Amino acid sequence: MSFQNPVFIPGPTNIPESLRKACDMPTIDHRSPLFGQILHPAREGVRKVLKSESAEIFIFPSTGTGGWETALTNTLSAGDKILAARNGMFSHRWIDMCQRHDLDVQVVETPWGKGLPADRYEEILTADTNHEIKAVLATHNETATGVKSDIAAVRRALDAAGHPALLFVDGVSSIASMDFRMDEWGVDVAVTGSQKGFMLTAGLAIVGFSAKAMAATETAKLPRTFFDVHDMAKGYAANAYPYTPAVGLLNGLNEACSMLLNEGLDNVFARHTRIAEGVRAAVGAWGLELCAANPSVYSDTVSAIKTPEGFNATDIVTHAAEKYGVAFGVGLGEVAGKVFRIGHLGSLTDVMALSGIATAEMCMVDLGLDIKLGSGVAAAQDFYRGHTATAQKDAA
Ligand SMILES: *Cc1c(COP(=O)(O)O)cnc(C)c1O
């Protein structure tokens, strides 16, 4: 594997030089005002990226999975009813975590390739007249299938049912790359990590809690220690953590937020849409299909590409690594061997994307698929030539 080639896995993503430098810093006292000068701007930056005026931002030394656990354990009690849909490996894992915490999950089985069924959520919530469902889970972007879901529609489902359940959103592979509106969508807990849209190494769980989620922490009985947001809040008030923070990564996060906000969130989202459209143009030119069922659910951060029946899609990933030193994502769970994934989020340009498309193409030809060298690259080139690099409101 080459250290020079970009990666095309849907996280961890490529790390810009400036962020690597920001993470590389001498030891400082992590219980000092100097640490506060890193911590508080980083939290403020995250709040802006989440598009929230008032969310409480907590950042744990952990990963996105720890963010899931933070959401559950701080707001719920054993036996609480949860509503969730399973449409891929990541929604599956969050459901599994709920069950291991003795939460009673009503699972809406949803075909892999489809988005969250907001209308089904509405029916279930409307029927729950005693308001026994305490929280609704929504995976904004299913990284396993390259499917985005409509979180605004999930909020509308809750509102239409007049249901007070909390709304928890897994935004690990969407936040900082695709439009995310914590306040507007009435998200109670937003979950992400450092190694996807924020372009850092893995190591931070990043969560935003609404006022309603904070209120739920007062009565929630699930055990929590490491992920206790009250302990964390107490620490923050003294420019500290309840334990030792990942100072370098927090400094990197602060810098990452500045980068994103300087580029402008709308420009960041438009860049992701444009790069994704080029990848999708290539997939079409190859005569292949996405796992995502239709354009309304196409993800702008990852494409899961179906390979022909009888072909093991994982061979592409293995071959790309061995022969060209380039990383793509394998299919997970139900779609293992049926799809390979091109991650296209974080620090990425058209030119980098073209190198990934060209490599995938070489691999597929090497492995005997009926694909013409250059066909996908040409389709993406055509698309990129015709679309400028600045934000276009209608690019989405
Ligand atoms: C990557 C990812 C996770 C898991 O995050 P980790 O940082 O690996 O713990 C959860 N959900 C989604 C949608 C993801 O893409």
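The first residue in the sequence is number 1, and the count goes up from there. Counting starts at 1 for both ligands and their atoms, in listed order. All values derive from a computational prediction rather than experimental measurement.
- Between Tyr236 and Phe58, the two ring planes are parallel [angle under 30°; tilted spans 30° to 60°].
- Looking at Met352 and Asn14, their side chains come closer than 4.5 Å, going by heavy atoms from C-beta outward.
- For the pair Lys196 and Phe90, the cation-pi test (distance below 6.0 Å, angle within 45°) is passed.
- Screening residues 87-110 for side chain to side chain donor-acceptor pair (under 3.5 Å) gives Arg86-His92, Arg86-Glu109, Asn87-Ser91, Ser91-Glu142, Asp96-Arg100 as the qualifying pairs, with residues at least two apart or on separate chains.
- Ligand 1 is surrounded by Thr63, Gly64, Thr65, Trp68, Phe90, Asn141, Thr143, Asp170, Val172, Ser173, Gln195, Lys196, each with at least one heavy atom closer than 4.0 Å.
- Alongside Val297, the hydrophobic cluster contains Val147 (criterion: ILVMFWY side chains under 4.5 Å).
- Residues passing the side-chain hydrogen bond (donor to acceptor under 3.5 Å, both in side chains) test with Glu361 are Trp286, sequence neighbours excluded.
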